[in-house]
Peer 1: 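For reference, the structure I am asking about is given below.
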Protein chains: 2
Amino acid sequence: MTTRRDAVHDTLRKSEGFRSAQDVYAEMRLHGAKIGLTTVYRALQALADGGKVDVLRTDDGESVYRACATDTHHHHLVCRRCGRTAEVAGPAVERWAEMVGSEHGFTEITHTVEVFGTCASCSGPAKTR
Amino acid sequence: MTTRRDAVHDTLRKSEGFRSAQDVYAEMRLHGAKIGLTTVYRALQALADGGKVDVLRTDDGESVYRACATDTHHHHLVCRRCGRTAEVAGPAVERWAEMVGSEHGFTEITHTVEVFGTCASCSGPAKTR
DNA sequence: CGGATTTTGACAACCATTTTCATTTTGCCT
DNA sequence: AGGCAAAATGAAAATGGTTGTCAAAATCCG
């Protein structure tokens with residue numbers, strides 16, 4: 001039984017950037033979907049656990065999700081204005097993290113890397129904030 | 001009036017890794033300090049805003065703070081077992097972030113980079129979790 | 001079809017953080 | 001000093017995202 005989960009996944013695919021669970025829920029309801037908030041949370045967690053979507057925390061502690069194109073390891077370049085997100089690879093960063101870790105005797109290195117900025121269409125026309 | 005704030009800062013300095021606001025509060029009370037939770041939160045925010053301490057979010061959405069040795073830009077290598085933290089610089093990463101950002105037409109680039117691992121003393125003696 | 005199992009979702013519970021607001025402390029001016 | 005206005009403090013209540021509970025509904029399977 002994966003209908004609901006797929007529905008959530010689809011909704012996420014239609015979005016350009018990261019969306020919160022509440023966002024997804026609201027959007028699905030708008031489109032007439034019959035689904036509960038609880039289920040959205042569970043679906044999102046399941047998708048995240050299965051590596052189907054990426055998760056990150058906003059500055060105010062909200063979890064936001066995104067269905068990414070590639071399932072290989074990558075990072076994000078997020079526009080802090082409109083939320084548009086680009087997936088970027090950074091082999092150099094991966095190596096740097098590994099190196100820094102082992103230099104200090106750490107093992108099982110993992111890392112989180114997110115880059116924020118203002119995208120072209122947001123920085124031009126619109127004024128700062 | 002900065003007595004309270006300094007007290008909070010001092011408490012943070014005595015810690016090896018990142019501590020949550022509630023942690024700091026509990027610790028201060030243990031040592032007999034007369035301070036309220038609210039004030040701890042406010043002090044922590046003020047310190048963070050002033051760049052006196054670094055902040056990051058744990059996986060479960062809690063904000064954790066740390067008084068860092070240098071006030072120049074740096075990142076952290078955190079032991080996921082004991083919380084011990086090392087401050088690391090990564091000029092290469094800074095440049096990479098800038099480059100990636102401008103390649104996509106983004107401006108005002110910022111980034112978050114945290115490296116996690118298991119430190120030497122934790123990986124040896126103790127078993128995995 | 002019938003019972004066992006899983007999924008769902010409304011609602012309550014959680015819990016870190018924030019807000020409110022009355023009280024206390026501090027700063028400053030005379 | 002005295003006194004008042006502004007800032008700081010903290011107890012308690014409010015907030016809000018997320019998780020837990022549990023009964024009803026859907027799905028499986030023999």
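To find a chain, count down the sequence lines: A is the first, B the second, and so on, and within it residues start at 1.
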Peer 1: Does a distance-only test, which skips hydrogens and angles, find a donor-acceptor pair under 3.5 Å between the side chain of B:Thr38 and the base of D:dA11?
Peer 2: yes
Peer 1: Sequence neighbours excluded and cut-off under 3.5 Å, please list the side-chain donor-acceptor pairs for residues 44-53 of chain A, or say none.
Peer 2:
none

Peer 1: Could you list the protein-to-nucleotides 14-17 of chain C atom pairs, N/O on both sides, closer than 3.5 Å?
Peer 2:
| residue | atom | partner | partner atom | Å |
| --- | --- | --- | --- | --- |
| C:dT17 | OP1 | B:Ser63 | N | 2.8 |
| C:dT17 | OP2 | B:Tyr41 | OH | 2.7 |
| C:dT17 | O5' | B:Tyr41 | OH | 3.4 |

Peer 1: If the condition is side-chain contact (heavy atoms from CB on, under 4.5 Å), which residues does A:Leu37 pass it with, not counting sequence neighbours?
Peer 2: A:Gln22, A:Tyr25, A:Tyr41
Peer 1: Identify, with sequence neighbours excluded, every residue that meets side-chain contact (heavy atoms from CB on, under 4.5 Å) alongside A:Arg80.
Peer 2: A:Phe116, A:Thr118, B:Glu108, B:Thr110
Peer 1: Got a sec, which residues hit side-chain contact (heavy atoms from CB on, under 4.5 Å) with A:Ser15, two or more places apart in sequence or on another chain?
Peer 2: A:Arg19
Peer 1: For DNA chain C, determine which residues of residues 24-32 of chain B have any heavy atom closer than 4.0 angstrom to one of its atoms, and list them numerically.
Peer 2: none
Peer 1: Considering residues at least two apart in sequence or located in another chain, which fulfil the side-chain hydrogen bond (donor to acceptor under 3.5 Å, both in side chains) criterion with B:Arg42?
Peer 2: none
Peer 1: Which atom pairs, donor and acceptor, lie under 3.5 Å between side-chain atoms of residues 88-101 of chain A and protein residues at least two apart or in another chain?
Peer 2:
| residue | atom | partner | partner atom | Å |
| --- | --- | --- | --- | --- |
| A:Glu94 | OE1 | A:His73 | NE2 | 2.9 |
| A:Glu94 | OE1 | A:His111 | NE2 | 2.8 |
| A:Glu94 | OE2 | A:His73 | NE2 | 3.4 |
| A:Glu94 | OE2 | A:His75 | NE2 | 3.0 |

Peer 1: Answer yes or no: is there a side-chain heavy-atom contact under 4.5 Å between A:Tyr65 and A:Val24?
Peer 2: no
Peer 1: Take atom CZ of A:Arg5 and atom P of D:dT27, then tell me their distance rounded to the nearest Å.
Peer 2: 16 Å
Peer 1: Nearest-Å distance, NZ (A:Lys34) to C1' (C:dT7)?
Peer 2: 15 Å
Peer 1: To the nearest Å, give me how far apart CD1 (B:Ile35) and C1' (C:dT24) are.
Peer 2: 15 Å
Peer 1: So for A:Arg42 and C:dG9, does any side-chain atom that can act as donor or acceptor lie under 3.5 Å from a complementary atom in the base?
Peer 2: yes
Peer 1: Sequence neighbours left out, what passes side-chain hydrogen bond (donor to acceptor under 3.5 Å, both in side chains) with A:His104? Give chain and number order.
Peer 2: none
Peer 1: May I have the distance from A:Arg4 (atom CZ) to C:dT8 (atom P), rounded to whole angstrom?
Peer 2: 6 Å
